[in-house]
Enquirer: 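Pasting a structure here, questions to come.
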Amino acid sequence: KIYFNTLIPFEDGLIKYGVISTEDLVKDLLEWETLYVAGRMHKPVNILELNNSNHGLCDALKSNLDFALRLALLSLPDEFSEKSLYHRLAAISYTGDLRMV
């Protein structure tokens, strides 16, 4: 459902980019079926083109971040650092990933 091109030379480094249909993207952002795309969107990404008139996609992108923040807050102790919050947010997509076991 998503096609990635990795290790693409760009300026002074390498980039990776993915291509996915809007329908599949919205579904993963809202349902976290695989967390593959939704989890990547919890981290800093550069969206090259976003049509702001596509309210369904814009709402799904925002909801995905809201879901991630709520999950991270529920899984942290009562007191935590900002750094701990960012680590927890970034770690959500790796939960259940067999490559990380």
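All heavy atoms count here, side chains included; hydrogens, waters and symmetry mates do not.
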Enquirer: Atom CG in Leu57, atom CG in Leu25: separation rounded to 0.5 Å?
Expert: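 So the gap between those two atoms works out to 5.5 Å.
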Enquirer: Is it true that the side chains of Asn54 and Thr22 contain a donor and an acceptor less than 3.5 Å apart?
Expert: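 There is no such pair (donor and acceptor under 3.5 Å, judged by atom type) between the side chains of Asn54 and Thr22.
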Enquirer: Is Ile8 reachable from Ile20 through a run of hydrophobic residues whose side-chain heavy atoms are each under 4.5 Å from the next?
Expert: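 Different clusters: Ile20 never reaches Ile8 through Ile, Leu, Val, Met, Phe, Trp or Tyr contacts under 4.5 Å.
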Enquirer: Given the rule that I, L, V, M, F, W and Y join up when any side-chain heavy atoms are under 4.5 Å apart, are Phe4 and Ile15 in one cluster?
Expert: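 Looking at the clustering, Ile15 is in a separate group from Phe4.
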Enquirer: Output the distance between atom CZ (Arg40) and atom CG (Leu29), rounded to the nearest 0.5 Å.
Expert: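 Between Arg40 CZ and Leu29 CG, I get 13.0 Å after rounding to 0.5 Å.
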Enquirer: Is Leu85 reachable from Leu74 through a run of I, L, V, M, F, W or Y residues, each pair having side-chain heavy atoms under 4.5 Å apart?
Expert: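 Shared cluster, no.
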Enquirer: Using the side chain to side chain donor-acceptor pair (under 3.5 Å) criterion, which residues pair with Asp66? Sequence neighbours excluded.
Expert: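 By the side chain to side chain donor-acceptor pair (under 3.5 Å) rule, Asp66 matches Lys62.
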Enquirer: Count the heavy atoms belonging to other residues, nucleotides or ligands that lie under 6.0 Å from CD of Glu23, then report whether that count exceeds 12.
Expert: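 Count not over threshold, so no.
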Enquirer: Indicate if Tyr36 and Val45 have the same hydrophobic cluster label, given that clusters are the connected sets of ILVMFWY residues with side-chain heavy-atom separations under 4.5 angstrom.
Expert: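 In one cluster with Tyr36: Val45, yes.
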Enquirer: What are the two closest heavy atoms between Leu35 and Ile92, and how far apart are they?
Expert: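 Closest approach of Leu35 to Ile92, heavy atoms only: CD1-O, 3.8 Å.
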Enquirer: Between Met41 and Ile47, which heavy-atom pair has the shortest distance, and what is it?
Expert: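 Reported closest heavy-atom pair: CE-CD1, 3.9 Å.
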Enquirer: Heavy atoms only: give me the nearest Ser93-Gly39 pair and the separation to one decimal.
Expert: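 Looks like CB-CA, 3.4 Å.
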